[in-house]
Amino acid sequence: MELLHIKTPLLESHAMTKLTGFPVYLKLENVQPPGSFKIRGIGNLCQKAMQRGCNHMVCSSGGNAGLAAAYAAKKLKIPCSVIVPGSTPMFIVERLREEGATVEICGSSWDDADARTLTLAKQPGYAYIPPFNHPDIWEGVASVIHESAEQLPEKPGIVVVSVGGGGLLSGVLQGMHNVGWTDVPVVAMETKGADSFNASVQAGELVTLDAITSVAKCLGARRVAANALEWTKNHTIISHACTDKEAVLACDKFADDHRMLVEPACGAALACVYERLFKVWQEQGKLGELKSALVIVCGGNLVSLKAMKEWKDQLGLS
Ligand SMILES: COC[C@H](NCc1c(COP(=O)(O)O)cnc(C)c1O)C(=O)O
């Protein structure tokens, strides 16, 4: 089966290395053709659905999973419908239509769009393409770690990811266990107002947020996949929710440091380094010495210079 994702660059960030005092490596999923890491999992899921005889993909998404599904369907030459919440910017809706997808806007959060998707997917030949909660997605995402293991000089001291519904986290952990990184802690970053994983970790059970109030709309799953919470039972995961301000500031610093623009959903992971959280956790005794860190730069399309300016004005960062 032809891979729908590309092998992405892994590079050391000298700016971040200077901040932490040890090498910080970036896995640049923001350069995937559809704009985010999503294509690894969604591409795998779409290909397997097609092999099962499905001939129409229907995907619920905050935007990036939808773009990955539209891109995959175009490559596989089958139709694709994407259901997005009202919080998805119109330029993303237009981008989806340019990719050939039929787009429906439904509800105020991803959960509403997903309910509609499940109804549409009942039609004969249709495949339901969820954005984060499926074993074929986690299997596809695991490739990001398989590649990183080949590209890194040695096993990293810690791995940092963003969490929306927990598909990226689940796939990264699956990949880490495949390559023997079972003792490498993972930092699960969210933004306050989209911190359904952190709420669940604190409660010790799945929690559903009342609403998504963060600017990081692509972390906007009110309830994470059960599989993501399950991982906390057999892997060291540090769950942390940063503020929108810290996430947007991280995007701003990343643009200056690396001349690449990513969404606040990705800024949440970058904020772990820019807010020097490793040092905070080491001082709290939550983390031992680190020789290196790997940050999954998940990317995202829901960003522009205009949007960055609006967020910075809104958050008092201008
Ligand atoms: C509502 O949205 C869920 C999903 N975005 C998820 C997402 C994540 C978090 O990945 P997850 O934890 O959901 O697998 C991180 N970084 C970026 C850029 C993302 O787009 C979507 O696009 O439908």
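Reckoned from all heavy atoms, side chains included, excluding hydrogens, waters and symmetry mates. Atoms within each ligand, like the ligands themselves, are counted from 1 in listed order. Keep in mind the model is a prediction, meaning the values are calculated, not measured.
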Find all atoms of ligand 1 within a distance of less than 4.0 Å from any non-hydrogen atom belonging to [X], and give their numbers and elements.
X      : result
Gly62  : 2 (O), 21 (C), 22 (O), 23 (O)
Gly299 : 18 (C)
Gly167 : 11 (P), 12 (O), 14 (O)
Gly300 : 18 (C)
Pro131 : 23 (O)
Ala65  : 21 (C), 22 (O), 23 (O)
Leu168 : 11 (P), 12 (O), 14 (O)
Val163 : 12 (O)

If you measure from each heavy atom of [X] to ligand 1, is any distance below 4.0 Å?
X      : result
Cys266 : no
Phe37  : yes
Leu169 : no

Provide, to 0.1 Å, the distance between [atom] and the closest protein heavy atom, together with that atom's residue and name.
atom                    : answer
atom 13 (O) of ligand 1 : Gly165 N, 2.8 Å
atom 9 (C) of ligand 1  : Gly164 N, 3.4 Å
atom 7 (C) of ligand 1  : Cys218 O, 3.3 Å
atom 20 (O) of ligand 1 : Asn64 ND2, 2.8 Å

I'd like to know if the side chain of [X] and the backbone of [Y] have a donor-acceptor N/O pair within less than 3.5 Å.
X      : Y      : answer
Asn133 : Ala225 : no
Arg223 : Ala221 : no
Asp112 : Ser108 : yes
Lys217 : Ser214 : yes

Evaluate [X] for polar contact with ligand 1, using N/O atom pairs at a separation under 3.5 Å.
X      : answer
Gly66  : no
Ser61  : yes
Cys298 : no
Ala221 : no

Next item on the list: Could you tell me whether the side chains of Asn64 and Glu263 share a donor-acceptor contact shorter than 3.5 Å?
Entry: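 A donor-acceptor contact under 3.5 Å links the two side chains.
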
Please tell me whether Asn198 and Glu190 have a donor and an acceptor in their side chains that are separated by less than 3.5 angstrom.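 No - no donor-acceptor pair under 3.5 Å links their side chains.
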
* Please say whether more than 12 non-hydrogen atoms of neighbouring residues, nucleotides or ligands are located less than 6.0 Å from NZ in Lys309. =>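 At most 12 heavy atoms, drawn from other residues, nucleotides or ligands, come within 6.0 Å of this atom.
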
Would you call the rings of Phe278 and Phe22 parallel, tilted or perpendicular, where under 30° means parallel and over 60° means perpendicular?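 Rings of Phe278 and Phe22: tilted, 30 to 60°.
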
*asked:* Could you see if Leu294 belongs to whatever hydrophobic cluster contains Val161? Use Ile, Leu, Val, Met, Phe, Trp, Tyr and a side-chain cutoff under 4.5 Å.
replied: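 Yes; tracing contacts between hydrophobic side chains, which count when under 4.5 Å, links both residues.
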
Let me check something: do Val163 and Val215 share a hydrophobic cluster, defined by ILVMFWY side-chain heavy atoms less than 4.5 Å apart, either directly or through other members?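 The answer is no; the residues belong to distinct hydrophobic clusters.
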
field: Contact summary for Ile237 and Ala188, nearest pair of heavy atoms
entry: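 Ile237 and Ala188 have their closest heavy atoms at CG2-CB, 3.9 Å.
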
Handout entry: Pairs involving residues 19-31, ordered by first then second residue, that meet salt bridge (charged side-chain N to carboxylate O under 4.0 Å, His left out) (sequence neighbours left out)
Key =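 Qualifying pairs: Lys27-Glu147, Glu29-Arg40.
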
